[in-house]
Protein chains: 2
Amino acid sequence: MSAPEAQRSAPLRALRPSAKVLPEHARGHNRSLVLQNLYSGGLQSRADLARETGLTRVTISDLVSELIADGLVVETGQREEGRPGKPAILLDINRGGYRIIGIDLSDTGVFRGAVLDIDGGIVTRMEAETDGAEGDEVAHLAVQLVRDLVAAADLPILGIGIGSPGIVDLGGRVLSAPNLGWSDLALQSMVETATGLPVIVANDANAAALAEHSFGGAVGDFMLIRVGRGVGAGLILGGTPVFGSRFAAGELGHVVVGTDGGDLCVCGKHGCLETWLSVPRLRAGLAAAPDAAARDEVLRRAGERLGIALAPVVGALNLDEVVISGPVELLDGPLTQAAIETFRARTMAEFHGDLTVRMSDLGQDIVMRGAAAMVLSGRLGVS
Amino acid sequence: MSAPEAQRSAPLRALRPSAKVLPEHARGHNRSLVLQNLYSGGLQSRADLARETGLTRVTISDLVSELIADGLVVETGQREEGRPGKPAILLDINRGGYRIIGIDLSDTGVFRGAVLDIDGGIVTRMEAETDGAEGDEVAHLAVQLVRDLVAAADLPILGIGIGSPGIVDLGGRVLSAPNLGWSDLALQSMVETATGLPVIVANDANAAALAEHSFGGAVGDFMLIRVGRGVGAGLILGGTPVFGSRFAAGELGHVVVGTDGGDLCVCGKHGCLETWLSVPRLRAGLAAAPDAAARDEVLRRAGERLGIALAPVVGALNLDEVVISGPVELLDGPLTQAAIETFRARTMAEFHGDLTVRMSDLGQDIVMRGAAAMVLSGRLGVS
DNA sequence: CATGTTTGTTAGTAAAGCGTACGAACAAAC
DNA sequence: GTTTGTTCGTACGCTTTACTAACAAACATG
C-alpha cells in the first residue's frame with residue numbers, strides 16, 4: 001500500500017518555540033487542512049477548498065494531486081448543479097480505501113476490538129476474554145487480538161489505536177495499569193513490531209474524550225467522565241488532549257470529595273469519588289436500597305458528589321461541556337440531574353452557567369472509536 | 001514504507017488545523033526561536049545558535065542580520081577564549097534598547113504602573129489613586145497613567161501590557177469588571193489609539209501566572225492562585241495560558257468548597273472559596289481571634305479550604321506546581337502548610353504526590369511584571 | 001611556519017506558495 | 001445558433017525560505 005506520509009507538522013505555539021519549523025512542516029499542516037475540510041465538510045471541489053482554506057486554487061490543486069497520488073483522496077464525479085461555468089470535480093477522502101483497528105482494553109475480563117472505517121463506523125468486531133490473566137500473558141492476549149483484527153481487515157490499514165487503562169506516556173508505554181498487572185510495559189512498540197503498522201496508545205478516558213470530540217457532539221473545551229469499575233476523565237482543551245505533567249491528567253477517581261467523610265476506598269482514604277460513583281458501588285447501593293425512592297436517593301447522592309468534584313475543575317478551566325460515559329441505566333436520570341443541580345448551586349452562573357452536562361451517545365464502543373480517532377488524528381491530522 | 005516515521009511523530013498532534021500556514025509564518029517562528037535562545041541563554045554566537053536550534057549557520061546569519069536591522073539584537077564583541085579557530089562574535093538581545101510599560105489595575109484604590117526593561121526589571125514606578133471612581137472616569141485614569149509612563153520612558157517602547165481584574169477576552173475587551181464598573185470596555189483599543197503603541201490586555205491572574213512563568217521559578221504545568229480582595233487563578237499548561245471558553249478560566253473565587261456550609265458570600269451563596277481565603281476575610285478573622293493559637297487556626301482553616309479546592313483541579317490536570325501570590329504575612333506559613341497537608345490527604349500520592357505548593361517570590365510587582373511578560377511573549381515570542 | 005579548527009559569508013539549489021494568464025466547459029441572453 | 005459571462009482547473013514565472021557546498025578570515029598548536 002502506498003502508505004500516507006507521517007504528519008509531523010509542529011504546532012505553532014505562541015510561547016517558547018522549542019523546535020525549528022521548516023517550509024515542509026507548513027506543507028504538512030496545509031495537507032492536513034485540506035484533509036480536515038474534506039473529512040468534515042464532505043464533497044467539495046478544489047475551488048471550494050481554496051475558498052475555505054484561504055490557499056490559492058493553484059496550491060490546492062498541487063496538494064490535492066499529491067493526496068490523490070497517496071491514495072488518500074479520490075475524485076467522485078462532477079457536481080450536478082445548474083450553475084454557470086465549468087462544472088466542479090468533486091473530491092472526497094478515500095473513505096472506502098482504508099480501515100483502522102481500534103482496541104479497548106479497559107473493560108473487566110474482556111478485551112474489545114474492531115475494524116473500523118474512516119468515518120469511525122464499525123465493520124468487524126472481535127473480543128478476547130482475559131480470564132483474569134495478568135502481566136505479559138494478558139499483553140500477549142492483546143497483541144493476538146490485534147493480529148486477528150489485522151488479518152480480518154478487508155482493506156489497507158491506516159493504523160492501530162489502543163485505549164488502555166492506567167497511566168500511558170506519550171510514547172505508548174503503559175507506566176502503570178494495576179488492573180492488568182502492567183508496569184512500564186512498552187505496549188506501542190510491542191504491537192508495532194508484531195504488526196509492522198503504526199500504533200498509537202493512550203489512556204482509555206483520553207481515547208473516549210477524543211471519540212466524543214470526533215464522533216460525538218462535543219464542541220469546544222470539555223471533559224469526559226468515564227464511570228466504570230473506577231472513575232477517570234479525559235480532557236480536551238482548544239481541540240488538544242491534556243495529558244498532564246506525569247501523564248496522569250484525569251485521574252480523578254481517588255480524589256476525596258466533600259468534607260463529611262465517606263466510605264473507605266481501596267486506596268485507604270475515605271470519600272474518594274470512586275466510593276460514590278463507581279459502577280460496582282452504585283450497583284451495591286441500589287441492591288441494598290429497599291424501594292424506588294431509596295434507589296433514587298443513592299443515584300442522586302452520587303450525582304451530588306460528581307457535581308461537587310466538577311465545580312472547582314470547571315471553575316478553573318471554564319469548560320463548555322461535561323460529558324458522562326458509562327452504564328446509561330445508572331448514570332442517565334437522577335444522577336446526572338443531581339450533578340447538574342449541585343454544580344449550579346456551587347458555581348457562579350455568570351461565569352459557568354452555560355456549562356452543559358450530558359450523557360455520551362456513543363455507548364460501549366466509545367473507547368474503540370476513540371482509538372480510531374487517535375489514528376485519524378495522528379496519521380492524517382483529521383478529527 | 002513510511003510507517004516507522006509515525007512512531008516518532010507526536011502521538012496526538014494538535015487537532016483541527018484551522019488556518020493555513022505559509023512559509024513566512026515558519027520564518028516568524030524561527031525568528032522567535034533565535035530570540036528565545038538569546039533571551040534565556042545569554043550571550044551566544046551565530047554558530048552557537050545554529051547548533052542549538054538545528055538551523056544552519058547560513059540561515060541563522062540571515063535571521064540575525066534581520067534582527068540586528070530591526071534593532072532587536074546587538075553584537076557585543078568577541079568571545080574571549082583560548083579556542084582554536086576564528087573567534088566568535090557574541091550576540092545578545094538588545095537589552096538596553098527597549099522598554100516595556102506594565103500596568104496593574106487589580107489593586108483596590110490604586111492603579112500601579114511601571115517602565116520595565118527587557119528582563120522585567122523595574123526602571124520607573126508610577127501610581128494613580130482611583131478614589132473610588134468608576135466606569136469611563138476610571139478608564140481615563142488608566143489611560144492617563146499609561147500616557148505618563150510612556151512620556152517617562154527613556155528608550156523606545158516595545159509595547160504596553162495591562163493586567164486588569166475581571167473577564168478579559170482575547171481582543172483586550174474587558175467584558176466584565178464589577179470592581180471598576182466596567183462592562184464590555186474596549187480597553188486595548190482605547191490605549192492603542194491613545195498611544196499608538198501595541199497593547200495587550202489580560203486578566204490580572206493570567207498576567208501574574210505569566211510573570212511566574214517568565215521571571216519566577218515556575219516550571220511545567222502550573223496554576224497561580226492570586227489572593228487579594230477576591231480569589232482568582234491563572235493557569236499555564238504546556239507553556240500556554242489557558243483562557244477558557246468564555247475567557248473565565250481561573251474564576252475560582254465563587255466556587256463553593258466543602259460540604260459543611262460556610263459564611264455567606266456577597267454572591268449570595270454560602271462557603272465560596274473567597275469567604276475563607278480573601279484578604280479582607282482573613283484579616284477580619286485574625287482581628288477577631290483572641291490569641292496566637294486562634295489566629296493560627298484561622299489561617300490553617302483557610303489553607304484547608306484551598307487544599308480542598310485544589311485537589312480536583314490538580315487531579316484533573318496533573319499539575320507540577322501550584323504557586324500562591326498575595327500578602328506574605330497571611331499566606332506564607334500555616335495557611336500554605338495546611339493547604340499542602342490537606343491536598344496530600346485528598347489525592348493519591350502515586351499520581352499527584354510530586355506536586356509542589358509554594359509562595360511566589362515576585363511580591364507586589366507580579367502583575368506589572370506579568371504584563372511586561374505578555375508584551376515580550378506577544379511581540380517577540382519570548383518568555 | 002605549516003596545519004588544523006572554528007566562524008561567518010557567498011553562491012547556487014530545492015521547496016512552497018503566490019499572481020497572472022489561459023483553455024475548457026457550461027448557462028443565459030440575444 | 002451565436003455571443004457573453006462565469007467558473008473550474010492548470011501552466012508559467014516569481015518571491016521567499018532554508019538548505020548544501022565552498023571559501024576567506026582569524027586563531028591555536030606543533
Side-chain angles (χ1 to χ4, degrees), chain A residues 5 7-10 12 17 19-34 37-38 43-70 73-92, chain B residues 17 19-34 37-38 43-70 73-92:
Chain A
E5 286 175 34
Q7 306 289 307
R8 276 194 289 159
S9 115
L12 298 175
K20 62 176 174 178
V21 174
L22 304 183
E24 67 207 70
H25 298 134
R27 175 80 166 185
H29 182 98
N30 289 337
R31 253 176 76 111
S32 289
L33 188 57
V34 168
N37 267 279
L38 287 175
L43 297 182
Q44 282 177 307
S45 70
R46 292 171 174 81
D48 293 335
L49 289 169
R51 277 186 293 266
E52 193 69 27
T53 60
L55 294 162
T56 62
R57 289 204 304 272
V58 181
T59 303
I60 291 291
S61 271
D62 194 43
L63 285 166
V64 165
S65 70
E66 195 179 296
L67 290 167
I68 289 178
D70 287 355
V73 167
V74 289
E75 298 189 338
T76 62
Q78 290 191 354
R79 175 178 280 150
E80 307 276 343
E81 281 185 41
R83 287 199 299 178
K86 176 177 172 180
I89 305 168
L90 292 174
L91 303 167
D92 196 7
Chain B
K20 63 176 174 179
V21 175
L22 307 181
E24 66 208 70
H25 297 135
R27 174 80 165 186
H29 183 97
N30 288 338
R31 249 178 78 111
S32 289
L33 188 57
V34 168
N37 267 279
L38 287 175
L43 297 182
Q44 283 178 308
S45 71
R46 290 169 176 82
D48 293 334
L49 288 169
R51 278 185 291 266
E52 193 69 27
T53 61
L55 294 163
T56 62
R57 290 203 305 273
V58 181
T59 302
I60 290 291
S61 272
D62 194 42
L63 285 165
V64 165
S65 70
E66 194 180 297
L67 291 168
I68 289 178
D70 288 355
V73 167
V74 289
E75 297 189 338
T76 63
Q78 291 190 354
R79 175 177 281 150
E80 307 273 343
E81 280 184 42
R83 288 200 298 180
K86 176 177 171 179
I89 305 169
L90 291 174
L91 303 167
D92 196 6

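Below, chain A is the first sequence line, B the second, and so on; all start at residue 1.
- Listed nucleotides D:dC27, C:dC18, D:dT17 differ in distance to A:Leu55; the shortest reach to its side chain belongs to C:dC18.
- Remark on DNA chain C: of its neighbouring residues A:Pro87 and A:Leu63, the 5'-side contact belongs to A:Leu63, judged by nearest-heavy-atom nucleotide.
- Nucleotide C:dC30 forms a pair with D:dG1, judged by Watson-Crick or G-U wobble geometry with both contacts under 3.5 Å.
- Counting heavy atoms from C-beta outward, B:Asn30 and B:Thr53 have side chains that stay 4.5 Å or more apart.
- Distance from the side chain of B:Thr56 is smallest for D:dT20 among the nucleotides D:dG9, D:dC27, D:dT20.
- For the pair B:Lys20 and C:dC18, the criterion of a side-chain N or O lying under 4.0 Å from OP1 or OP2 is met.
- The separation between A:Leu33 atom CG and C:dA16 atom P is 16 Å, rounded to whole Å.
- Taking side-chain N and O atoms only, A:Thr59 has no distance below 4.0 Å to OP1 or OP2 of C:dA16.
- Spacing between atom CD of A:Gln44 and atom P of D:dG9 amounts to 12 Å, rounded to whole angstrom units.
- Distance from the side chain of B:Val58 is smallest to D:dT20 among D:dT20, C:dT6, C:dC26.
- Position along DNA chain C of the nearest nucleotide to A:Asp62 versus B:Ser45 favours B:Ser45 as the more 5'-ward residue.
- Side-chain proximity of B:Arg57 to C:dG8, C:dC26, D:dC8: nearest is C:dG8.
- Atom CD in B:Glu24 sits about 11 Å away from atom P in D:dA18, given to the nearest Å.
- Nearest nucleotide to the side chain of B:Ala88, out of D:dC27, C:dG8, D:dT10: C:dG8.
- Distances shown here put every side-chain N or O of B:Asn30 at or beyond 4.0 Å from the OP1 or OP2 atom of D:dT17.
- Between A:Asp48 atom CG and D:dG9 atom C1' the separation is 13 Å, expressed in whole Å.
- A salt bridge does not link B:Glu24 with B:Arg31: every distance from a Lys NZ or Arg NE/NH1/NH2 to an Asp or Glu carboxylate oxygen is 4.0 Å or more.
- Looking only at side-chain heavy atoms (C-beta outward), B:Leu33 and B:Leu49 stay at 4.5 Å or farther from each other.
- As rounded to whole Å, 15 Å separates atom P of D:dT17 from atom NE2 of B:His29.
- Atom CZ in A:Arg31 sits about 15 Å away from atom C1' in C:dA15, given to the nearest Å.
- Between A:Ser61 and D:dT10 there is a side-chain N or O to OP1 or OP2 distance below 4.0 Å.
- Using a 4.0 Å heavy-atom cutoff across all strands shown, B:Arg51 reaches sugar-phosphate atoms only and no base atom.
- The closest side-chain heavy-atom distance from A:Leu63 to A:Leu55 is below 4.5 Å.
- Using a 4.5 Å cut-off on side-chain heavy atoms (C-beta onward), A:Arg46 and A:Glu75 make contact.
- B:Lys86 places its NZ atom 9 Å from the C1' atom of C:dT6, with the value rounded to the nearest Å.
- The closest side-chain heavy-atom distance from A:Arg27 to A:Glu66 is below 4.5 Å.
- If you check every strand for non-hydrogen atoms under 4.0 Å, A:Ile60 touches nothing.
- Rounded to a whole Å, the NE2 atom of A:His25 is 13 Å from the C1' atom of C:dA15.
- Nearest-nucleotide positions on DNA chain D for A:Glu75 and A:Leu22 put A:Glu75 closer to the 5' end.
- Counting distance only, with no hydrogens placed and no angle test, the side-chain atoms of A:Arg46 and the base atoms of D:dG9 include no donor-acceptor pair under 3.5 Å.
- If you check every strand for non-hydrogen atoms under 4.0 Å, B:Arg27 touches sugar and phosphate atoms only.
- For A:Ile89, the listed nucleotide lying nearest its side chain is D:dG9; candidates were C:dG19, D:dG9, D:dT17.
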